[in-house]
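For reference, positions follow the sequence shown, starting with 1.
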Amino acid sequence: AGFCDGLDFGGNTKAAIIRIGLEEMTYFIRYFHPDVKDKTFMESCGVADLITTCFGGRNRKCAEAFVRGKGFKSWEDIEQELLEGQKLQGT
């Protein structure tokens with residue numbers, strides 16, 4: 001979602017990416033836990049966490065900065081500049 005923000009794509013594009021993310025999460029979890037209930041994905045551990053991450057997470061913030069900087073800054077530099085000692089998640 002941060003790449004969408006950095007490229008000035010609209011809300012519909014971001015919504016489409018969030019929907020695809022939820023779909024991928026669902027497939028992944030069902031692979032390891034086939035009996036999971038559908039309502040699990042609508043709870044805080046599912047869509048709520050996805051929305052929070054996409055609208056305010058540190059990876060979103062850094063992805064936007066990377067795009068706006070046209071890739072001239074390294075991820076490490078962006079991390080140091082924006083995250084006050086925290087690290088990007090999943091990298």
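- Across all non-hydrogen atoms, the minimal contact from Ile18 to Leu50 is O-CD2, 3.4 Å.
- In this structure, Val36 is a member of the same hydrophobic cluster as Phe32, with clusters built from ILVMFWY side-chain heavy atoms closer than 4.5 Å.
- Enclosure of atom CD in Gln86 by more than 12 non-hydrogen atoms of other residues, nucleotides or ligands within 6.0 angstrom is indicated.
- Atom NZ of Lys87 and atom CG of Asn59 lie 12.5 Å apart (nearest 0.5 Å).
- Each of Met25, Glu23, Arg30 was evaluated against Phe41; a single residue qualifies, Arg30, per the side-chain contact (heavy atoms from CB on, under 4.5 Å) test.
- Note that CD1 of Ile78 and NZ of Lys61 are 12.0 Å apart. Values are rounded to the nearest 0.5 Å.
- Here the shortest heavy-atom pairing between Ala1 and Cys54 reads CB-O, 3.5 Å.
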Before you tell me yes or no, could you show the steps for Arg68 and Asp8 under side chain to side chain contact (heavy atoms under 4.5 Å, CB included), namely the whole-Å CA-CA distance, both residues' side-chain angles and the distance that decides it to 0.1 Å? CA-CA 9 Å; Arg68 294 206 189 277; Asp8 292 320; 3.1 Å; yes
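- Following chains of ILVMFWY side-chain contacts shorter than 4.5 Å, one cannot reach Ile29 starting from Tyr27, and the two form parts of different hydrophobic clusters.
- Between Phe3 and Phe66, the ring planes lie perpendicular to each other; the angle is over 60°, past the 30° to 60° tilted range.
- For the side chain to side chain donor-acceptor pair (under 3.5 Å) condition, the pairs that include at least one residue of residues 13-22, sequence neighbours left out, are Asp5-Lys14.
- Nearest heavy atoms, Arg60 versus Thr53: CB-O, 3.8 Å.
- Between the CG atom in Leu88 and the SG atom in Cys62 there is a gap of 4.5 Å [rounded to 0.5 Å].
- Evaluation of the side-chain contact (heavy atoms from CB on, under 4.5 Å) rule for Ser74 yields Glu76, Asp77 as partners, not counting sequence neighbours.
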Assess the residue pair Asp49 and Glu43 against the criterion (side chain to side chain contact (heavy atoms under 4.5 Å, CB included)); give the C-alpha distance rounded to whole Å, side-chain angles, the decisive distance to 0.1 Å, and a yes or no. CA-CA 9 Å; Asp49 185 56; Glu43 294 176 359; over 6 Å; no
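- Residues Leu7 and Ile17 do not share a hydrophobic cluster, defined by chaining ILVMFWY side chains whose heavy atoms lie under 4.5 Å apart.
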Tell me, with the steps shown, if Glu79 and Arg58 meet salt bridge (charged side-chain N to carboxylate O under 4.0 Å, His left out). CA-CA 9 Å; Glu79 226 176 25; Arg58 64 184 101 150; over 6 Å; no
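- The structure places CD of Gln80 at 14.5 Å from CH2 of Trp75, a figure rounded to the nearest 0.5 Å.
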